[in-house]
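Written below as structure tokens is the structure these notes are about.
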Protein chains: 2
Amino acid sequence: MMPQQNTSQDLNLSLVKSACSNCNLRELCLPFGLSEAEMGRLDELVSSRRRLKKGDNLYRAGTRFDAIFAIRSGFFKTDVLLEDGREQVTGFQMSGELLGLDGISTEFHTCNAVALEDSEICAIPFTRLENLSREIKTLQHHFHKVMSREIVRDHGVMMLLGTMRAEERLAAFLLNLSQRFTARGYSHADFFLRMTREEIGSYLGLKLETVSRAFSRFQEDGHIAVQQKHVRILNVAGLKALMNNQRR
Amino acid sequence: MMPQQNTSQDLNLSLVKSACSNCNLRELCLPFGLSEAEMGRLDELVSSRRRLKKGDNLYRAGTRFDAIFAIRSGFFKTDVLLEDGREQVTGFQMSGELLGLDGISTEFHTCNAVALEDSEICAIPFTRLENLSREIKTLQHHFHKVMSREIVRDHGVMMLLGTMRAEERLAAFLLNLSQRFTARGYSHADFFLRMTREEIGSYLGLKLETVSRAFSRFQEDGHIAVQQKHVRILNVAGLKALMNNQRR
DNA sequence: GAATCAGGTTGACCTGGATCAAGCATAACG
DNA sequence: CGTTATGCTTGATCCAGGTCAACCTGATTC
């Protein structure tokens, strides 16, 4: 199965009725845990929808922040650029996940969010979200959890970048993707990467050649089958084992 | 001037009246932006205080989360451990900063917080903080900003770990410390490190020997003067310049 | 004030991943 | 359908930072 191969047909269909209350991502996304009535109130707030083509920026570093975004379909990367042009990909986001939380702190976005395939997002005006979450305890708490989860996730990436070797990093990356696809009802073992080797490398603190070699190595060792962006995981345990190898 | 060389005398004094409303960190900490009356309500919440000796754990990964902590005085590190014993220091925290935000997501702490010198913290029961921030808009918004700032900070660390060379990392680290000391009214150019070379290394994704060599190099180049934990910054511009060196 | 110990420095050597370079695969396009 | 562009793979070489080891420094203890 090919996850999230959305055609424009799918997108049109999804627009027919477009509210949290009948979105199939509601258990993954912001409405998690809300009652029918409460979800209805969130619907009012999430009126604004937007489609992005592959390569489009959802927002850029330095632009005004006024809403967070929930990914309805598609795939994004966020990155930070240094003046000298160096790029650090800070994350890859998929459906049901939130984008833009970095902007709350200064009222300006501090990173760029780019669609890696045609995507659709729900814009959630932040002030209105704060207002509503002062009324709905469950919403408030869930939002706090989502922000906290982001912090925990970032700590994981730091661990990866700070202490792991190249192959461990890639193994961790693949297992993480796999697990997130599973949560969305897609195959855990057969998927298409939306990002290039260079983007993976940037995220993992490696050069694209190193990423490519690690893929080849995993294939030789029978852990995966790769052909370009198509990845099949053949041996989850093998990949997991790789992650405790440290200094050989 | 030696920042935060608290003696037990200082600590006793500070306990005489111990509330946000007359804490000199209130502009850096959670109460930021609150009115007198609102701050009074926060006072009720922040009743619990705790002292920690150097080396004490404020909390450990896996323990139940029920409060966040504001540092009244002292210095902490947070770290994450891998099963095989590898450690990643995820941050260093000083007075006025919050600890424990990682625990909101799962109701369990996901990292360890360790005092690097004798310290004092204010415990803020999280449920009560959520209750109060449903009533006080300013508090709610400021809390969101603090969480978001943490995310932005983490992105900075990823950039550092993912794309910078050893000397750039240390320069960035020193400049960041310097700037945070300044914000607390201490010298920006003369301070004592609370952490070991090994802890700096863990934070920066380097080995302690590399950290030590970078310090020596900076000294040779006249950017700083170091003697063990005592650091004096002699040339801020020089350090800043180092950060755009990339692949020489 | 000698002994112990944790932390810091420095040197010599080694290696994982970066760099440079060439060729291949696939998609996009006139 | 051939051309062009973009992304991927693989090989050869290099070097920043890791590893190992010896020594130094300053704080703590008896």
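The sequence lines fix the lettering, A, B, ..., with proteins before strands; numbering per chain opens at 1.
Comparing B:V211 and A:A166, the nucleotide of DNA chain C nearest to each residue sits closer to the 5' end for B:V211.
Across all strands shown, A:L206 has heavy atoms under 4.0 Å from sugar-phosphate atoms exclusively, and none from any base. Residue-level contact check: B:G205 touches the backbone only, with heavy atoms under 4.0 Å from sugar-phosphate atoms and none from bases. Using a 4.0 Å heavy-atom distance criterion, B:T196 is classed as a sugar-phosphate-only contact.
Of the listed nucleotides (C:dG7, D:dT9, D:dG17), D:dT9 has the atom at the smallest distance from the side chain of A:R197. Ranking C:dA18, D:dA16, D:dC8 by closeness to the B:R165 side chain, first place goes to D:dA16. Of the listed nucleotides (C:dG16, D:dT9, C:dG8), C:dG8 has the atom at the smallest distance from the side chain of B:K229.
Taking atom CD on B:E198 and atom C1' on C:dC5, their separation rounds to 15 Å, with Å as the unit. Atom NZ in B:K207 sits about 5 Å away from atom P in D:dT19, given to the nearest Å. In this structure, A:I200 places its CD1 atom 14 Å from C1' of D:dT9, rounding to the nearest Å. Atom CD in A:E220 sits roughly 9 Å away from atom P in D:dG11 (whole-Å rounding). Between B:L204 atom CG and D:dA16 atom P the separation is 19 Å, expressed in whole Å. Atom CG of B:L208 and atom C1' of D:dG18 are 11 Å apart (whole Å). We find that CE of B:M164 is positioned 17 Å from P of C:dA18, with the value rounded to whole Å. For the pair A:L170 CG and D:dC8 P, the interatomic distance rounds to 13 Å; values are reported in whole Å.
Between A:R149 and A:E97 there is no salt bridge, since no side-chain nitrogen of the basic residue lies less than 4.0 Å from a carboxylate oxygen of the acidic one.
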**OP:** Could you encode protein contacts along nucleotides 21-30 of chain C as a string, one character per nucleotide from 5' to 3', using B for base contact, S for sugar-phosphate-only contact and - for no contact, with a heavy-atom cut-off of under 4.0 Å?
**Re:** -----S----

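A perpendicular orientation is assigned to the rings of A:F65 and A:H109, their planes being inclined by more than 60° (bins at 30° and 60°). A perpendicular orientation is assigned to the rings of B:Y186 and B:F181, their planes being inclined by more than 60° (bins at 30° and 60°).
Within the structure, salt bridge (Lys or Arg N to Asp or Glu O under 4.0 Å) pairs that include any residue of residues 73-82 of chain B comprise B:K77-B:D79, B:K77-B:E87, B:K77-B:E199 (at least two apart or interchain).
For A:T210 and C:dA18, the shortest distance from a side-chain N or O to OP1 or OP2 is below 4.0 Å. OP1 or OP2 of C:dT10 sits under 4.0 Å from a side-chain N or O of B:S216.
At least one donor-acceptor pair under 3.5 Å links the side chain of B:S148 to the backbone N or O of A:D102.
Heavy atoms only, all atoms of each residue included: A:E168 and B:R86 are closest at OE2-NH2, 2.6 Å.
Under a cutoff of 6.0 Å and an axis angle of 45°, B:R194 and B:F92 do not form a cation-pi pair.
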